[in-house]
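A quick note: this is a predicted structure, and the numbers were derived from the prediction, not measured. Sequential numbering from 1 along the given sequence is applied to the chain's residues.
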Amino acid sequence: MTTQDSSGSAPKPPAKDPWDLPDVSGLSVGVLGGTGPQGRGLAYRLARAGQRVTLGSRDAGRAAGAAAELGHGIEGTDNAECARRSDIVIVAVPWDGHAKTLESLREELAGKLVIDCVNPLGFDKKGAYALKPEEGSAAEQAAALLPDSRVTAAFHHLSAVLLQDESIEEIDTDVLVLGEARADTDIVQALAGRIPGMRGIFAGRLRNAHQVESLVANLISVNRRYKAHAGLRTTDV
């Protein structure tokens with residue numbers, strides 16, 4: 001029986017616990033650009049945590065070779081087959097190939113949860129600097145190119161060196177997660193939390209992705225000055 005408040009209206013249900021996240025252990029993850037440093041690192045950490053992972057590449061043989069090197073049951077194939085066989089697809093391709101890759105995979109990515117972790121950056125003698133795509137960010141470009149996919153953004157600020165270092169048990173960092181639907185961002189947060197030491201935190205809608213992507217330029221400067229592999233931690237959360 002539903003109780004009513006003094007105004008005669010049914011009371012609002014209690015707010016959902018932001019840390020009540022779904023079980024994603026049974027979902028398969030594909031990594032487009034999985035033979036690059038970031039893609040390899042994410043694939044390795046997720047597979048080591050028990051996730052089913054497929055590496056994607058333009059060259060299926062190269063993907064298969066990289067998967068064999070990483071182990072942990074990772075499989076490798078071409079990008080299209082990687083997208084088809086995965087529940088969640090992480091986009092870890094170089095920025096200059098971002099649009100072309102996604103355009104070519106629109107059909108295979110339809111209905112999929114897509115996580116874009118691409119950082120549009122330029123480099124000159126002063127170091128790294130942020131680029132601003134016409135759509136506003138790499139994630140917003142992905143959403144525009146993939147109208148039938150559920151696009152989110154996450155995993156931007158992770159050190160590929162640390163991700164691939166087998167001697168490191170935990171990755172001490174938070175992952176800022178952006179997206180339009182809470183059900184989708186909850187899944188991405190839960191996926192990040194599968195990696196020991198890592199925590200996924202909701203950080204807004206895709207319109208806020210540009211500054212998240214751009215912050216990598218600052219982290220590159222931090223790392224160069226302090227000879228580090230800096231990540232992020234959010235306080236009081």
Side-chain angles (χ1 to χ4, degrees), residues 27-43 46 51 53-63 66-67 74-122 130-158 160 175-181 183-185 187-188 191-192 203-217:
L27 299 179
S28 59
V29 179
V31 184
L32 305 182
T35 58
Q38 196 77 357
R40 285 175 63 105
L42 283 169
L46 289 169
Q51 214 73 33
V53 178
T54 302
L55 287 186
S57 173
R58 289 177 297 176
D59 184 332
R62 185 179 177 193
I74 298 173
E75 298 181 348
T77 185
D78 62 84
N79 281 329
E81 180 60 24
C82 173
R84 279 191 290 267
R85 68 169 64 171
S86 303
D87 300 309
I88 303 171
V89 179
I90 298 174
V91 181
V93 300
W95 166 241
D96 58 7
H98 184 260
K100 185 176 180 180
T101 299
L102 296 184
E103 283 175 333
S104 70
L105 297 172
R106 183 175 297 172
E107 181 178 342
E108 290 82 0
L109 292 171
K112 306 285 185 177
L113 176 56
V114 174
I115 306 172
D116 199 296
C117 70
V118 175
N119 302 302
L121 298 176
L131 303 174
K132 189 161 187 179
E134 182 178 348
E135 297 85 355
S137 64
E140 288 170 295
Q141 183 183 86
L145 293 172
L146 303 172
D148 298 320
S149 302
R150 295 140 51 211
V151 176
T152 60
F155 299 119
H156 300 90
H157 307 132
L158 307 181
V175 172
L176 300 183
V177 180
L178 303 99
E180 300 303 316
D184 293 337
T185 56
I187 290 173
V188 180
L191 186 66
R205 294 180 179 268
L206 289 185
R207 69 181 183 180
N208 294 320
H210 171 65
Q211 55 264 39
V212 172
E213 296 168 0
S214 300
L215 187 58
V216 174

**Prompt:** So do the side chains of L158 and C117 get within less than 4.5 Å of each other, counting heavy atoms only?
**Reply:** no

**Item:** For the student: nearest non-hydrogen atoms of P120 and A138, plus distance
**Value:** CG-CB, 3.8 Å

**Any side-chain heavy-atom pair of L46 and I90 under 4.5 Å** = yes

**Request:** Starting at CG of L32, measure out to CG of D78 and round the result to the nearest 0.5 Å.
**Result:** 10.0 Å

**N79/R58 under side-chain contact (heavy atoms from CB on, under 4.5 Å): CA gap, chis, key distance, verdict** = CA-CA 6 Å; N79 281 329; R58 289 177 297 176; 4.0 Å; yes

**Complete:** d(L176 CG, L215 CG) to nearest 0.5 Å is 8.0 Å

**Asked** Which of these, V31, L102, T101, sits in a side-chain contact (heavy atoms from CB on, under 4.5 Å) with V93?
**Response** T101

**Request:** Tell me, yes or no, whether the heavy-atom count around E103 atom CD, taken from other residues, nucleotides or ligands under 6.0 Å, exceeds 12.
**Result:** yes

**Request:** Sort and list the pairs that fulfil salt bridge (Lys or Arg N to Asp or Glu O under 4.0 Å) and have at least one residue in residues 205-216, not counting sequence neighbours.
**Result:** E180-R205

**Prompt:** Got R150 and I187 here, is their nearest side-chain heavy-atom distance under 4.5 Å?
**Reply:** yes

**Request:** Could you give me the CA-CA distance, side-chain angles and deciding distance for L105 and V89, then say whether side-chain contact (heavy atoms from CB on, under 4.5 Å) is met?
**Result:** CA-CA 11 Å; L105 297 172; V89 179; over 6 Å; no

**Prompt:** With sequence neighbours left out, which residue pairs that include part of residues 106-116 fulfil the salt bridge (Lys or Arg N to Asp or Glu O under 4.0 Å) condition?
**Reply:** R84-E108

**Prompt:** Is any side-chain heavy atom of V151 closer than 4.5 Å to a side-chain heavy atom of V91?
**Reply:** no

**Item:** Euclidean distance, L55 CG relative to T77 OG1, rounded to 0.5 Å
**Value:** 10.0 Å

**Item:** Non-hydrogen atoms of L206 and A143 that approach each other most closely
**Value:** CD1-CB, 4.0 Å

**Asked** What distance do D59 atom CG and T35 atom OG1 have between them, rounded to the nearest 0.5 Å?
**Response** 8.5 Å

**Message:** Quick check for you: to the nearest 0.5 Å, what is the distance between H210 atom NE2 and E135 atom CD?
**Reply:** 12.5 Å

**Asked** In terms of heavy-atom contacts, does CZ of R85 have more than 12 from other residues, nucleotides or ligands at under 6.0 Å?
**Response** yes

**Request:** Working to the nearest 0.5 Å, report the span between CG of N119 and OG of S137.
**Result:** 10.5 Å

**Side chain to side chain, S86 and V29, heavy atoms closer than 4.5 Å** = no

